Structures are given as structure tokens and as C-alpha cells.
Protein chains: 2
Amino acid sequence: MDKSPAPTDRQTDRSYHHGSLVDALVHAAVELIEVYGVEKLSLRAVSKKVGVSPGAPFRHFKTKSELLKAVAEQSMLRLTQAVNASLAAQTSGDPVALLGAIGRGYLNWALSNPTHFQIISSRTLIDFHSSKTLVEQNDAIYKLMLEQVTIGQAAGAIRGDASAHDLVVNARAFVYGLARMAVDRHFREWRVSGDPRQAAAEALNLYLRMIATSS
Amino acid sequence: MDKSPAPTDRQTDRSYHHGSLVDALVHAAVELIEVYGVEKLSLRAVSKKVGVSPGAPFRHFKTKSELLKAVAEQSMLRLTQAVNASLAAQTSGDPVALLGAIGRGYLNWALSNPTHFQIISSRTLIDFHSSKTLVEQNDAIYKLMLEQVTIGQAAGAIRGDASAHDLVVNARAFVYGLARMAVDRHFREWRVSGDPRQAAAEALNLYLRMIATSS
DNA sequence: CCGCGAAGTAATCACCGATTACACTCAAAC
DNA sequence: GTTTGAGTGTAATCGGTGATTACTTCGCGG
């Protein structure tokens, strides 16, 4: 249970003041969560890893939940970055393909960072709506999806028997469900074998055929 | 924070032996979770509510997680009951409608019992695969869905550009994602307003149109 | 009727989040 | 240069938690 034998992980070795405790705490928290899981995270362990007293974090984060929120904000920014990068990498201008790129970016990031995904998805670990960053970044993804669906519908490439908004929610439900099934390890009992990432990618492709107008 | 002023909730008032501590513990745990949430559940509070010493539960459940597993098993049985009931209530023999009934039963139960849904979905709170009941009941739902999809594909009512298994996983991902969005309170930031149940029902209908062959 | 195993108790351990009073340090003001 | 005060980390402590242990009590089968 000894989380860090030498507390020199990320310390500038200043005698008293740490220098950048906030960053160090967030960083250490992520590492601990990665190894032991979110629900096992304790502020004491974080403090110990950083090499600081158990009470020190409370100078910067009023509660454990606020530290998690800081972690979540950092994670959310990385998620939108990943989605944007995936979207930018999609050369084809086909709106269905672009929508797929968004979903692929989302899924890949979620499967690569299950812990972070779990945190930003939760509404019990953190107070989502109290963070401007979290709300804004989430909204950015919504708008990205809405844009592609709207364009796709106008071009007749995406089915028109529902509003663009309804289709976006529909698509998000699917991708979110897929990501959670993977992260929460539901694939096994649903007889999905092999590499989860590839399985998710293939499932996404099927969904894209479903949302596109039959050709 | 006083969870139960009078510990007479569910006690046969036998002096020493309780009589049915196991049932009483599960029942009390469910009630406490319902009010305070899973993550706040403590064995001490459960013990207190039942009117028993803090160590007593350990005679019957080796860990807190095992108590939760007992709760999960009870919940899972109720879920499959709800799904079966919804399926039985669907008079039309149309496989798409029958598949929809399964999804509707699942969603309604999840939204009516968010806490139980959260527990049986989790793989960190409980050890899912160590419970025969959990695995079997989950499998029963898979087979129910697979049956309808297979029939639907044979009748040409459900799209044939993917295997029945892939479509089942696809549908499950969608319904699961929708349920989790509702339970995890994601609807707000995705601009879904009004009654969550109706919103979920409408989203499900759209999905059913997507999985059905275009008519 | 009695004794033995099952079931609950009481005391305890190590750990947790959070609060408080206190100590140290550093930089700006004079 | 010294001083002073805000900012930052410490130490001690509180109430609560899961889990373990030794002990006590009950009540059923012989």
C-alpha cells in the first residue's frame, strides 16, 4: 500500500513552500487514480505522493471533490482537443464521414483514457455544472455534431425523419453508451471479443450507416 | 444525519437473534442507497437501521461489496421481470415493435430505479462475473434481443447489412447510453428538456426507425 | 436438559475527509 | 535592511468508515 517510497516525484525540493502544489496535486491525483481507480483516491495518498502534509491540499481545494473537478477540467480539454484533431484529420468533406470522425475521436480518447472519461462523465464525483470549462467544452462538442448533422441533412446525406438536434442526441447516446460499455467492461458479457477499440470502431461504422440516408 | 431514530424498521423484535438479518440488511441497504446514493452507503448505517451492531453484517457478507452484490442480484431480477413484462404487453407481433418493447422496458425500469440501475451497471462496486444470477439474467436479455433481431432480419423488417449479433450490441449500446445519460443527468447539457422518460421514449422510437428497413 | 454451533456484540485497528490553531517564508513597503 | 503580513504548509485532532478479533448469547438437535 506504499504509494510512493521516495516523495521526490515532482518536487522542486524547496524547503518549505512547494512552488506549484496545485499542479503537482492534480498530476499526482491522476496518476493515483490511474493505478488504483477513482473511488480509491484519497487526499492523504495524494499528499504523501507529492511529499506534503495531509492538510496541505485543503489550502488549494476546499474539498476532495474540487480537486477532482480540477482533474476533470484538464481531462475535458484534452477530450475536445482529441475530437478536434480527429475531425481535422478527416480529409473527406462528407458530413457523415466528418460526424464519424467526431465519434471516432471521442471513442478513441475514452478508451485510451478510461479514468478521465469516467470522471468527466460522472455527476456524483464532481459538480459538473459549477465548472464553466466543463460546460463550455461539452457544448463545443454538441455544436460540432450539430453542424455536421445540419449540413448532412441539407445535402440529403443524413436521414431527415428527425430534427438535427434529435439526431445529435441520438448519436451521442450511442457513442456514449458504446464508450461506457467498453470502459465499464460490459463487452465481455455482451459477447464482444477481440480488441475493444476495433470493436467500437466497427460498431460506430454500423451506426454511421444507420444515420445516413440509405444509398 | 440520523438515519433511523427508532431501529424498529424491520425487526421481528426478537431479543438476540434477528431471524432474517440477510434480507433485512439488503432491504435496508436499498432504502439507504435510494435516499443518500450508493457512494454514501456505509455498513454502519445499514446496521444501525436494522438495529444491529456494526460488526453483525460481516457474519453474512464478507465485505461491503458482497452486500452490494446481493442488492444487485435482486435488482437484476427485477430488471429482467420488467423487460419480460413489457415484452409480453406488446400485442403486435412485429419484431421491430417487440424489440422496441424490450428497450422500453429496460429504459423505464432504469429511469424508475436509477440507483439499482447504477449498481448493476457498475463493475467497480460489485464483482459482476462472480455472480451466476447477474451473468445469467444479463444473458437472458441478450438472447431476447437476439431472437427478435434474427426474426426481424429473416422477415426483412430489420436491416440486413450487419449480423444479428452486431445489431444487438449496437442496440444495447444505444439504449444503455440513453439510460445512462438520463440517470447520470446528462440530458441538461445536451439540451434535452421536459420529462426524461418521454424524451427517452421518443429517442428510442427514432432508433427503431433506424434499425428497421426503410419502408 | 444440555451442549455446541450459529449469530450477534464489543472493542479495536488503520484509514479517511475535514477542521483548526499554529509555524514558517517570502516579498513588498518603509 | 529590517519589519510586517499575507500566503502556504504543518501538526493535532474530530467524527466516521471498513474490517478483524475475541467474546457472549441464543436456541436447536441429541
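Please read these numbers as outputs of a predicted model, since none were measured by experiment. Letters A, B, ... mirror the listed sequences (proteins, then strands); counts begin at 1. Side-chain atoms are counted along with the backbone in the values below, which use heavy atoms only and exclude waters and symmetry mates.
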For [X] and [N], what is the distance between atoms [atom1] and [atom2] respectively, to the nearest whole Å?
{"X": "B/L21", "N": "D/dT25", "atom1": "CG", "atom2": "P", "result": "18 Å"}
{"X": "A/R44", "N": "C/dT19", "atom1": "CZ", "atom2": "C1'", "result": "12 Å"}
{"X": "A/Y36", "N": "C/dC15", "atom1": "OH", "atom2": "P", "result": "13 Å"}
{"X": "B/L25", "N": "D/dG18", "atom1": "CG", "atom2": "P", "result": "13 Å"}
{"X": "B/K48", "N": "C/dT9", "atom1": "NZ", "atom2": "P", "result": "15 Å"}
{"X": "B/L43", "N": "C/dT9", "atom1": "CG", "atom2": "P", "result": "14 Å"}
{"X": "B/E39", "N": "C/dG17", "atom1": "CD", "atom2": "C1'", "result": "15 Å"}

[X]: partners by side-chain hydrogen bond (donor to acceptor under 3.5 Å, both in side chains), with sequence neighbours left out:
{"X": "A/S112", "answer": "A/R197"}
{"X": "B/H129", "answer": "A/E189"}
{"X": "B/Q118", "answer": "none"}

Parallel, tilted or perpendicular, as decided by the 30° and 60° cut-offs, for the rings of B/F117 and B/Y106: perpendicular
Inter- and intrachain pairs under salt bridge (Lys or Arg N to Asp or Glu O under 4.0 Å), touching residues 98-115 of chain A, at least two apart: none
When the side chains of residues 141-148 of chain A are checked against the rest of the protein, which donor-acceptor pairs come out under 3.5 Å, sequence neighbours left out?
none

Sub-4.0 Å heavy-atom contacts from residues 53-64 of chain B onto DNA chain C, ordered by number: B/S53, B/G55, B/A56, B/R59, B/H60
Sugar-phosphate only, base, or nothing, as touched by B/L41 at under 4.0 Å among non-hydrogen atoms: sugar-phosphate
